[in-house]
Visitor: 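Supplied in structure tokens, the structure appears directly below.
Chain letters run A, B, ... following the sequence lines, proteins first, then strands; residues in each count from 1.
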Amino acid sequence: MVDRLPPVRVRFAPSPTGRTHLGSGRTALYNYLLARQTGGQFLLRIEDTDQKRYVPEAEQELIESLNWLGLQWDEGPDVGGPYGPYRQSERKEIYLEYAKQLVEKDKAYYCFCTPERLARLREQQMHNKQPTMYDGLCRQLTLEDALRRVRQGEPHVIRFKTPKEGSITVRDYLRGEITVENRTIDDYILVKSDGWALYHLAAMVDDQLMRITHVLRSSEWLSTFPLHAHIIRAFGWQEPLFVHLSVFLKPSGKGKMSKRESAQLLQDGYSIFIKDLEQLGYLPEAVVNWIALMGWSYDDKTEFFTMQDLIEKFSLDHLNPSPAAINFTKFDHFNGLHIRHLAIEDLAKRVKPFFVKAGLKVEDQKLIQIAPIIQERLVTLDDAVEMAGFFFREELEYEPSLLIGKNMSATQSLKALQECERLLSSLDFTEKETIETALRSLAEHMGLKAGQLFGILRIAVTGQSVSPPLIESMVILGKATVMERVQIALKRLAEVVQESSA
RNA sequence: GCCCCCAUCGUCUAGUGGCCCAGGACGCGGCCCUCUCAAGGCCGAAACACGAGUUCGAACCUCGUUGGGGGCACCA
């Protein structure tokens, strides 16, 4: 058992600009776990201050993804809460207010430099191999002058007045103290000329106003962390605990996943987008288990975790700061593991949509019977169709020559199948043992290995060379269907024999 | 180029100075089980990036090197 923290207030604060991927899912998950473990609150905050990049579908997908994973938030744009609104686009005035406070405190200043001048400046600095930073031209302006120009309607932004001397030490929970020279920190823009705040200001203000105690966010924020600390301290606020989570790398471990690579991945039946995973036959339980373990571990052996396990066992202390390569093979393993842990009725229910999607008419009653014999054979839920589609197909399509048994001639095989037909027609199909015993002794009488006989029958009954256990399958299928299929197979095999002798 | 972070099997990781000639998992190879395929069981190959130091003792501490990653927008 881990040492419990007092109730935390944590948040997941995505910006709806693209698809929700595994990395976001993990950040949300860790926040969620911490909240549930400590009896605190998990908030969802939509960071949509950049209307140029806003993608309406993105927010919908985000919500669906989180819901699918089972991460419910206690406060958020849809459910409300005492510290709303939870959508930054509805908080524009709040940020502006706080930005002005910083100006009054001489911690920020108005800047009238045009984007063109800034671009030129940057270019020059790059050319001279200097760090690319604002040169502080407007920093010298008196507040009086600046205010006058603002009143005259001159386009302007508000920049943070980063100290030019000394250094700042910040503390990341995983990495300890990080000290940075102030002169390497830019005078970042806090408020754009259109009046919208940038992340650096908005997020700090919101975290403060929403009483956030722990910030678990992506480590891509690590480089601006010192700036964030400066902003918080400029206001004189208490800092939340910052935890910067490692990034996810592509399977090769060489950098982040690109758009192109994501598309390629889908060809192989994988995706880094949470919303795709359901259709690909993955369980949310498996996704949660898998991503939880990328950057966090419990001990030196336990790997199977349910959400409840994670809530109990998650701990900030076992987080790993180094980047992790995404390993889809391991994902498959976890999916199989969680499929095998499903109750039969549950498995049947989850597998059903995949049959339906394949255009098969399924009966729930039969699905319940099938579930146990396919359960340990599935990697993804959609494998069920390939494995057990024959239960629901009217007609089986297969290459007739497959009906020839291993190391047998077509004629021999035909003879064997004829014997099977005769035997089977005399049997009662309620007990699996009856059929199995009979078939095995038939094989023995004919001087065949059980595998040879079963192989022929397997094709006849399922149309597949790989199937769930044959006898069980036949019992579920029922005598009538089995006999019908054997007779069809008999006819097909007879043709093969004829052709080969002709 | 500048700033920051990271560094244990191919991959995810355990390890917080002696329990480690380094443990688990995936994957890989072999064997067992077996009506096919799986699942399961057993066995095996496989790592402390490198170099200095500190220490009686270093995967663990310090410094450097190298490698990798992230950031350098009126994006988040």
Visitor: Would you indicate what A:P155 reaches in the nucleic acid, counting non-hydrogen atoms under 4.0 angstrom: base, sugar-phosphate, or nothing?
Guide: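 Touches nothing.
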Visitor: A:F160 and A:Y188: aromatic ring centres closer than 6.0 Å?
Guide: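 Ring centres of A:Y188 and A:F160 not closer than 6.0 Å.
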Visitor: Nearest to the side chain of A:S15 - B:C74, B:A76, B:G1?
Guide: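 Side chain of A:S15 sits closest to B:A76.
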Visitor: Under 4.0 Å, heavy atoms only, any strand: does A:L453 hit a base, just the sugar-phosphate, or nothing?
Guide: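 Here A:L453 touches no strand at all.
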Visitor: Report which part of the nucleic acid A:D50 touches: base, sugar-phosphate, or nothing (heavy-atom distance under 4.0 Å, all strands).
Guide: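 Here A:D50 touches the backbone only, sparing every base.
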Visitor: Reading RNA chain B from 5' onward, which residue's closest nucleotide shows up sooner: A:G255 or A:A13?
Guide: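 On the 5' side of the pair lies A:G255.
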Visitor: Contact class for A:T17 (heavy atom, under 4.0 Å): base, sugar-phosphate, or nothing?
Guide: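 Answer is nothing: A:T17 stays at 4.0 Å or more from every strand.
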Visitor: Is the base of B:C37 touched by the side chain of A:R377 through a donor-acceptor pair closer than 3.5 angstrom?
Guide: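 Indeed, a donor on one side and an acceptor on the other fall under 3.5 Å apart.
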Visitor: Using a heavy-atom cut-off of under 4.0 Å over every strand shown, decide if A:G336 touches base, sugar-phosphate, or nothing.
Guide: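 The answer is nothing, as A:G336 stays clear of every strand by at least 4.0 Å.
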Visitor: By the 4.0 Å heavy-atom rule, please label A:E47 as base, sugar-phosphate, or nothing.
Guide: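 Sugar-phosphate only.
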Visitor: Among B:C26, B:A76, B:U13, which nucleotide has an atom closest to any side-chain atom of A:N320?
Guide: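 Selected nucleotide: B:U13.
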Visitor: In whole Å, I'd like the distance from the CE atom of A:M474 to the P atom of B:U36.
Guide: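 Roughly 15 Å, once rounded to whole Å.
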Visitor: Does B:C28 have a Watson-Crick or wobble mate here (both distances under 3.5 Å), and if so which one?
Guide: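 Pairing partner, where one exists within any strand: B:G44.
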Visitor: Can you tell me, in whole Å, how much space there is between the P of B:C61 and that of B:G40?
Guide: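 Roughly 37 Å separates the two P atoms.
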Visitor: Which is more 5' along RNA chain B, the nucleotide nearest A:E472 or the one nearest A:L319? Just name the residue.
Guide: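 Taking each residue's closest nucleotide, the earlier one in sequence belongs to A:L319.
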Visitor: Looking at the side chain of A:K330, which of B:C12, B:G69, B:C6 is the nearest nucleotide?
Guide: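 Selected nucleotide (nearest to the side chain): B:C12.
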Visitor: How far, in whole Å, is B:G10 from B:C33 if one measures between their P atoms?
Guide: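 Comparing P positions in B:C33 and B:G10 gives a spacing of 33 Å.
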Visitor: Find out whether the Lys NZ or Arg CZ of A:K330 is both under 6.0 angstrom from the six-membered ring centre of A:W290 and within 45° of the ring's axis.
Guide: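 The answer is no, since A:K330 fails at least one limit relative to A:W290.
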Visitor: Quickly work out the A:D186 CG to B:C74 C1' distance and round it to whole Å.
Guide: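 Taking atom C1' of B:C74 as the reference, CG of A:D186 is at 12 Å.
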Visitor: A:D300 has a side chain; which of B:C3, B:G23, B:U36 sits nearest to it?
Guide: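 The answer is B:G23.
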Visitor: Which whole number of Å gives the distance between the P atom of B:G29 and that of B:U62?
Guide: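 Nearest-Å result for B:G29 against B:U62 at atom P: 42 Å.
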Visitor: Give A:C113 one of three labels, base, sugar-phosphate or nothing, depending on what nucleic acid heavy atoms sit under 4.0 Å from its own.
Guide: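 The answer is base, as A:C113 lies within the cut-off (heavy atoms under 4.0 Å) of a base atom.
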Visitor: Once you apply a heavy-atom cut-off of 4.0 Å, does A:S467 come out as touching a base, just sugar-phosphate, or nothing?
Guide: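 It contacts base atoms.
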Visitor: What is the distance, rounded to the nearest whole Å, between atom CG of A:L378 and atom P of B:C37?
Guide: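 Computing the A:L378:CG to B:C37:P distance gives 17 Å.
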Visitor: Output yes when at least one side-chain N/O atom of A:K192 is less than 4.0 Å from OP1 or OP2 of B:C75, else no.
Guide: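 True: A:K192 side-chain N/O within range (under 4.0 Å) of B:C75 OP1/OP2.
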Visitor: Return the nearest nucleotide to the side chain of A:E220; candidates are B:G71, B:A7, B:C4.
Guide: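 Nearest listed nucleotide: B:G71.
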Visitor: B:U66 and B:C50: how far apart are their P atoms, nearest whole angstrom?
Guide: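 Here B:U66 and B:C50 have their P atoms 16 Å from each other.
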Visitor: Is the distance from OP1 or OP2 of B:A76 to the nearest side-chain N or O of A:R217 less than 4.0 Å?
Guide: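 No, outside the criterion.
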Visitor: Which whole number of Å gives the distance between the C1' atom of B:A7 and that of B:G51?
Guide: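 About 15 Å, rounded to a whole number of Å.
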Visitor: Distance under 6.0 Å and angle within 45° of the ring axis: does A:R159 meet both against A:Y134?
Guide: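 Judged by the rule (NZ or CZ under 6.0 Å from the ring centre, within 45° of its axis), A:R159 counts as positioned above A:Y134.
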Visitor: Rounded to the nearest angstrom, tell me the gap between atom CZ in A:R458 and atom C1' in B:U34.
Guide: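 Distance, rounded to whole Å: 11 Å.
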Visitor: Which part of the nucleic acid does A:K254 contact within heavy-atom distance under 4.0 Å: base, sugar-phosphate only, or nothing?
Guide: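 Since only primed, P, OP1 and OP2 atoms lie under 4.0 Å of A:K254, the category is sugar-phosphate.
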Visitor: Whom does B:G51 pair with, Watson-Crick or G-U wobble, provided both distances fall under 3.5 Å?
Guide: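 Matched B:G51 with B:C63 under the 3.5 Å cut-off.
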Visitor: Taking only the side-chain nitrogens and oxygens of A:R440, find out if one of them lies under 4.0 Å from OP1 or OP2 of B:C35.
Guide: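 Yes, such a contact exists.
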Visitor: Using a cut-off of 4.0 Å on non-hydrogen atoms, how would the nucleic acid contact of A:R53 be classed: base, sugar-phosphate, or nothing?
Guide: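 Base: the residue A:R53, judged by heavy atoms under 4.0 Å, touches a nucleobase.
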Visitor: Any carboxylate oxygen within less than 4.0 angstrom of a Lys/Arg side-chain nitrogen, looking at A:R91 and A:D206?
Guide: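 Yes, charged N to carboxylate O under 4.0 Å.
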Visitor: For the pair made of CZ in A:R175 and C1' in B:G70, what is the distance, rounded to whole Å?
Guide: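 Taking atom C1' of B:G70 as the reference, CZ of A:R175 is at 10 Å.
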Visitor: When you measure from the side chain of A:T49, which nucleotide among B:A76, B:C74, B:C72 comes out closest?
Guide: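 The listed nucleotide nearest to A:T49's side chain is B:A76.
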Visitor: Quick one: is B:C2 close enough that its OP1 or OP2 comes under 4.0 Å of any side-chain N or O from A:N128?
Guide: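 A:N128 to B:C2 OP1/OP2: no side-chain N or O under 4.0 Å.
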Visitor: Answer yes or no for A:R19 and A:F273: cation-pi contact, defined as NZ/CZ to six-membered ring centre under 6.0 Å and angle to ring axis within 45°.
Guide: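 Geometry flag: set, cation within 6.0 Å and 45°.
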Visitor: With ring centroids as reference points, do A:W221 and A:F242 lie under 6.0 angstrom apart?
Guide: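 Ring centres of A:F242 and A:W221 not closer than 6.0 Å.
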Visitor: Of the nucleotides B:A14, B:C75, B:C26, which one has an atom closest to the side chain of A:H333?
Guide: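 For A:H333, the side-chain atoms sit closest to B:C26.
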Visitor: Could you point out which residue of A:F392, A:F390, A:F391 forms a ring pair (Phe, Tyr, Trp, His ring centres under 6.0 Å) with A:F355?
Guide: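 The ring pair (Phe, Tyr, Trp, His ring centres under 6.0 Å) with A:F355 is passed solely by A:F392 among A:F392, A:F390, A:F391.
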Visitor: Taking the side chain as C-beta and beyond, is there a heavy-atom pair between A:I272 and A:K256 under 4.5 Å?
Guide: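 Sidechains of A:K256 and A:I272: no contact.
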Visitor: A:H228 has an atom NE2; how far is it from atom C1' of B:C4, in whole Å?
Guide: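 It works out to 14 Å between those atoms.
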Visitor: Tell me the interatomic distance from A:W221, atom CH2, to B:C6, atom P, rounded to whole angstroms.
Guide: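 That distance rounds to 19 Å.
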Visitor: Any idea which of B:C74, B:C37, B:C6 is nearest the A:P321 side chain?
Guide: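 From the listed options, B:C6 comes nearest.
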Visitor: Do A:S24 and A:F12 come within less than 4.5 Å of each other through their side chains, counting heavy atoms only?
Guide: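 Yes, their side chains come closer than 4.5 Å.
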Visitor: Counting side-chain heavy atoms from C-beta on, which of B:U13, B:C5, B:U36 comes nearest to A:I178?
Guide: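 For A:I178, the side-chain atoms sit closest to B:C5.
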Visitor: Tell me the partner of B:G18, counting only Watson-Crick (N1-N3 plus N6-O4 or O6-N4) or G-U wobble (N1-O2 and O6-N3) with both under 3.5 Å; none if nothing fits.
Guide: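 Pairing partner, where one exists within any strand: B:C56.
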Visitor: Across all strands, who's sitting opposite B:A38 as a Watson-Crick or G-U wobble pair, both distances under 3.5 Å?
Guide: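 By the stated definition (distances under 3.5 Å), nothing pairs with B:A38.
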Visitor: Rounding to the closest angstrom, what is the interatomic distance between B:C60 and B:G15 at atom P?
Guide: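 Nearest-Å result for B:C60 against B:G15 at atom P: 15 Å.
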Visitor: Can a donor-acceptor pair under 3.5 Å be found between the side-chain atoms of A:S223 and the base atoms of B:C4?
Guide: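 Under the 3.5 Å cut-off, the side chain and the base do not form any donor-acceptor pair.
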Visitor: Would you say A:R122 places a side-chain N or O within less than 4.0 Å of OP1 or OP2 belonging to B:C72?
Guide: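 Result: no.
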Visitor: With a 4.0 Å cut-off on heavy atoms, is A:V157 in touch with a base, just the backbone sugar-phosphate, or nothing at all?
Guide: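 The answer is base, as A:V157 lies within the cut-off (heavy atoms under 4.0 Å) of a base atom.
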Visitor: Looking at A:E59 and A:R87, is any side-chain nitrogen of the basic one under 4.0 Å from a carboxylate oxygen of the acidic one?
Guide: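 So A:R87 pairs with A:E59 through a salt bridge.
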Visitor: What integer number of Å spans the P atoms of B:A38 and B:U11?
Guide: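 One P to the other, the span is 26 Å.
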Visitor: Roughly, in whole Å, what's the span from CZ in A:F248 to C1' in B:G69?
Guide: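 So the CZ-C1' distance, A:F248 to B:G69, works out to 14 Å.
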Visitor: Both distances under 3.5 Å, Watson-Crick or G-U wobble: report the partner of B:C72, or none.
Guide: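 The base-pairing partner of B:C72, which may sit in any strand shown, is B:G1.
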Visitor: Indicate, with a heavy-atom threshold strictly under 4.0 Å, whether A:W196 touches base, sugar-phosphate, or nothing.
Guide: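 The answer is nothing, as A:W196 stays clear of every strand by at least 4.0 Å.
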Visitor: Establish, with yes or no, whether the OP1 or OP2 oxygen of B:G71 is under 4.0 angstrom from a side-chain nitrogen or oxygen of A:K256.
Guide: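 Yes, A:K256 has a side-chain N/O under 4.0 Å of OP1/OP2 on B:G71.
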Visitor: Can you tell me how far P in B:C48 sits from the matching atom in B:U65, rounded to whole Å?
Guide: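 Going atom to atom, P in each nucleotide, I get 22 Å.
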Visitor: Given B:G24, B:C35, B:U11, which nucleotide is nearest the side-chain atoms of A:A325?
Guide: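 From the listed options, B:U11 comes nearest.
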Visitor: Is A:L222 touching bases, backbone alone, or none of the nucleic acid, heavy atoms closer than 4.0 Å?
Guide: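 Here A:L222 touches the backbone only, sparing every base.
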